[in-house]
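Here is the structure we will look at.
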Amino acid sequence: MQKTDRLESLIARYRHDSPKRRFQLAAIDPAAQPLSSGDRERDKATVTELADRLDTLQRLFYADQRYKLLVVLQGMDTSGKDGTLRGVFGAMSPLGLRTVGWKAPTEPERAHDPWWRIHQAVPGNGELVVFNRSHYEDVLVPVVKGQLKREQVAQRYQQINDFERMLHENGTVICKFMLHISKGEQRRRLQERLDDATKHWKFDVGDIEVRKHWKQYQAAYHAAIAATGTPWAPWTVVPADSKTHRNLMIATLMERTMRDLKLRPPPLDPALKNLRIR
């Protein structure tokens with residue numbers, strides 16, 4: 001079996017790319033490690049190698065200027081969105097790379113449609129943009145809080161699909177990752193933040209309140225992924241109880257995505273062919 005075919009077979013159950021296909025978030029084990037070698041140190045070394053290769057690909061991506069690349073990181077509190085940014089994208093040059101951390105909309109943003117602020121932050125030609133949280137917050141938080149009627153939720157799902165299709169049709173490659181951790185692992189990570197004074201800044205008392213609604217958020221994630229996994233913007237659910245495996249899986253898929261674009265530098269300028277620097 002070729003390497004690409006093997007990768008496809010390993011991750012098939014973690015990808016959702018059609019609202020018509022059956023999807024069950026609860027069937028995916030947050031502790032699974034489908035891409036692991038079985039040796040944690042070897043996996044960490046592989047992540048470092050992949051991050052270096054992604055740096056090279058991103059520089060070529062910036063020079064190529066034919067595509068735009070949007071990466072969406074979603075997940076419960078402590079699922080590792082910041083850690084993914086450091087471990088997978090941290091070696092890339094700031095030139096052509098931008099990250100956006102989304103928070104609750106401001107009053108001026110609420111005066112527009114939910115996607116207005118999102119559209120202003122999507123990537124331009126040659127740019128790779130990573131969303132730490134995203135437009136999916138608008139079909140998660142309001143759903144759990146009971147602020148939207150069922151028909152409004154369905155409408156937002158359709159609007160997201162249309163929005164992402166429009167981006168895709170205009171040259172944006174979209175990679176969406178849901179970092180899937182267990183409730184037990186979240187408890188351990190929250191407690192770690194409390195026990196280490198240097199990590200107190202990471203702790204938000206509101207996280208405890210959100211944790212009380214764990215089942216509701218899991219249901220909201222399940223419904224959102226089921227409705228918005230499309231051929232032009234597929235979801236990959238990344239088992240994230242292991243930080244190393246989380247980075248390994250995302251880095252592996254990002255490298256494949258960028259290589260599949262067959263990136264190339266711009267054509268040579270004929271005026272430079274015989275130029276000699278004196």
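All residue numbers refer to positions in the sequence shown, counting from 1.
When the salt bridge (Lys or Arg N to Asp or Glu O under 4.0 Å) test is applied to Asp55, the partners found at least two apart in sequence or on another chain are Arg59. Partners of Arg15 under the salt bridge (Lys or Arg N to Asp or Glu O under 4.0 Å) rule, at least two apart in sequence or in another chain, are Glu8. The ring pair (Phe, Tyr, Trp, His ring centres under 6.0 Å) check on His213 picks up nothing, with sequence neighbours excluded.
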- Item | Residues Val237, His16; criterion side chain to side chain contact (heavy atoms under 4.5 Å, CB included); working and verdict | CA-CA 8 Å; Val237 178; His16 183 64; over 6 Å; no
- Message: side chain to side chain contact (heavy atoms under 4.5 Å, CB included), that's the test. Do Leu128 and Arg98 meet it? Break it down for me.
- Response: CA-CA 6 Å; Leu128 191 161; Arg98 178 162 51 90; over 6 Å; no
- In sequence, state the C-alpha distance, the side-chain angles, and the governing distance for Asp82 and Arg86, and then conclude on salt bridge (charged side-chain N to carboxylate O under 4.0 Å, His left out). CA-CA 6 Å; Asp82 291 345; Arg86 290 191 301 271; 5.2 Å; no
- Query: So Trp232 and Glu169, side chain to side chain contact (heavy atoms under 4.5 Å, CB included) or not? Walk me through it.
  - Reply: CA-CA 9 Å; Trp232 56 87; Glu169 289 173 350; over 6 Å; no
- Are Asn132 and Thr99 close enough, and set up right, to give a side chain to side chain contact (heavy atoms under 4.5 Å, CB included), and what steps lead you there? CA-CA 7 Å; Asn132 184 334; Thr99 62; over 6 Å; no
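The minimum heavy-atom distance between Pro266 and Ala63, with the atom names listed, is CD-O, 3.4 Å. Nearest heavy atom pair, residue Ala121 against residue Val129, reads O-CG1, 3.8 Å. The heavy-atom pair separating Arg13 from Ile28 by the smallest distance is O-CD1, 3.8 Å. The shortest non-hydrogen separation linking Arg193 to Lys202 is NH1-O, 3.2 Å. Between Gln65 and Gly126, the closest heavy-atom pair is NE2-CA, 3.6 Å. The two atoms that bring Gly87 and Ala51 nearest to each other are O-CB, 3.8 Å, heavy atoms only.
Checked by atom type and distance alone, the side chain of Glu109 pairs as donor or acceptor with a backbone atom of Thr106 at under 3.5 Å. Side-chain N or O atoms of His112 include none that pairs as donor or acceptor with a backbone N or O of Pro114 at under 3.5 Å. Using modelled atom types, no side-chain atom of Lys68 and backbone atom of Val122 make a donor-acceptor pair closer than 3.5 Å. Under a 3.5 Å cut-off, the side chain of Gln58 and the backbone N or O of Leu95 do form a donor-acceptor pair. Lys176 places a side-chain N or O within donor-acceptor distance of the main-chain N or O of Ala233, the cut-off being under 3.5 Å. Using a distance-only test at 3.5 Å, with no hydrogens or angles considered, a donor-acceptor pair links the side chain of Asn161 to the main chain of Ala227.
Note on Met166: it clusters hydrophobically with Val173, by side-chain heavy-atom contacts below 4.5 Å among ILVMFWY residues. In terms of hydrophobic clustering, with Ile, Leu, Val, Met, Phe, Trp and Tyr side chains grouped at heavy-atom distances under 4.5 Å, Val210 and Trp214 are assigned to a common cluster. Under the 4.5 Å side-chain heavy-atom criterion for Ile, Leu, Val, Met, Phe, Trp and Tyr, Tyr62 and Phe89 are members of distinct hydrophobic clusters.
Two residues are said to be in side-chain contact when any heavy atoms from C-beta on lie closer than 4.5 Å; Met254 and Cys175 meet this criterion. Within the 4.5 Å cutoff, side-chain heavy atoms of Gln74 are placed close to those of Glu137. Using a 4.5 Å heavy-atom threshold, the side chains of Ser79 and Lys81 count as touching. Taking 4.5 Å as the limit, every side-chain heavy atom of Gln33 sits out of range of all side-chain heavy atoms of Met249.
Counting heavy-atom neighbours within 6.0 Å of Lys44 NZ, excluding the residue itself, gives a total of 12 or less. Heavy atoms of other residues, nucleotides or ligands lying less than 6.0 angstrom from CG of Leu268 number 12 at most.
Note: Phe23 and His222 have parallel aromatic rings, judged against thresholds of 30 and 60 degrees for the angle between ring planes. Note on ring orientation: taking the six-membered ring where Trp is involved, the planes of His135 and Trp115 are perpendicular (angle over 60°, cut-offs 30° and 60°).
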Name every donor-acceptor pair, under 3.5 Å, that has one atom in a side chain of residues 183-192 and the other anywhere in the protein, sequence neighbours excluded.
unit_1 : atom_1 : unit_2 : atom_2 : d
Glu185 : OE1    : Arg188 : NE     : 3.2
Glu185 : OE2    : Arg188 : NE     : 3.4
Glu185 : OE2    : Arg188 : NH2    : 2.7
Glu185 : OE2    : Arg189 : NE     : 2.7
Glu185 : OE2    : Arg189 : NH2    : 3.3
Gln186 : OE1    : Arg211 : NH1    : 2.9
Gln186 : NE2    : Asp77  : O      : 3.0
Arg189 : NH1    : Thr78  : O      : 2.6
Arg189 : NH2    : Ala240 : O      : 2.9
Arg189 : NH2    : Asp241 : O      : 3.1
Gln191 : NE2    : Asp195 : OD1    : 3.0
Glu192 : OE1    : Lys199 : NZ     : 3.3

Which donor-acceptor pairs under 3.5 Å do the side chains of residues 138-157 make with protein atoms, sequence neighbours left out?
unit_1 : atom_1 : unit_2 : atom_2 : d
Gln152 : OE1    : Lys149 : N      : 2.7
Arg156 : NH1    : Asp138 : O      : 2.9

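Looking at Val72, Leu73, Ile160, Val100 one by one, the single match for side-chain contact (heavy atoms from CB on, under 4.5 Å) with Ser134 turns out to be Val72. With Met92 as the fixed residue, the side-chain contact (heavy atoms from CB on, under 4.5 Å) test singles out one of Leu54, Val130, Thr56: Leu54. Under the side-chain contact (heavy atoms from CB on, under 4.5 Å) test applied with Thr84, the options Val238, Ile250, Val71 reduce to a single match, Ile250.
If you look at Tyr221 and Trp235, their ring centroids are not closer than 6.0 Å. Phe163 has its ring centre less than 6.0 Å from the ring centre of His119.
With 3.5 Å as the limit, one finds no donor-acceptor pair spanning the side chains of Thr230 and Arg165. Under 3.5 Å, the side chains of Thr244 and Asp43 contain no donor-acceptor pair of N or O atoms. Side chain to side chain, Asp196 and Thr198 meet the donor-acceptor criterion of an N or O pair below 3.5 Å.
Remark: Phe131 CZ to Leu70 CG distance equals 5.0 Å, nearest 0.5 Å. Residue Tyr136 holds its OH atom at 3.5 Å from OG1 of Thr228, rounded to the nearest 0.5 Å. Considering OG of Ser242 and CG of Leu248, their distance stands at 8.5 Å, rounded to 0.5 Å. Atom OG of residue Ser36 and atom NE2 of residue His245 lie 6.5 Å apart, to the nearest 0.5 angstrom. With rounding to the nearest 0.5 Å, the separation of CG in Leu261 from CG in Leu69 is 7.5 Å. How far OH of Tyr14 is from NE2 of His180: 9.5 Å, rounded to the nearest 0.5 Å.
The stretch residues 257-278 participates, sequence neighbours left out, in these side chain to side chain donor-acceptor pair (under 3.5 Å) pairs: Glu255-Arg259.
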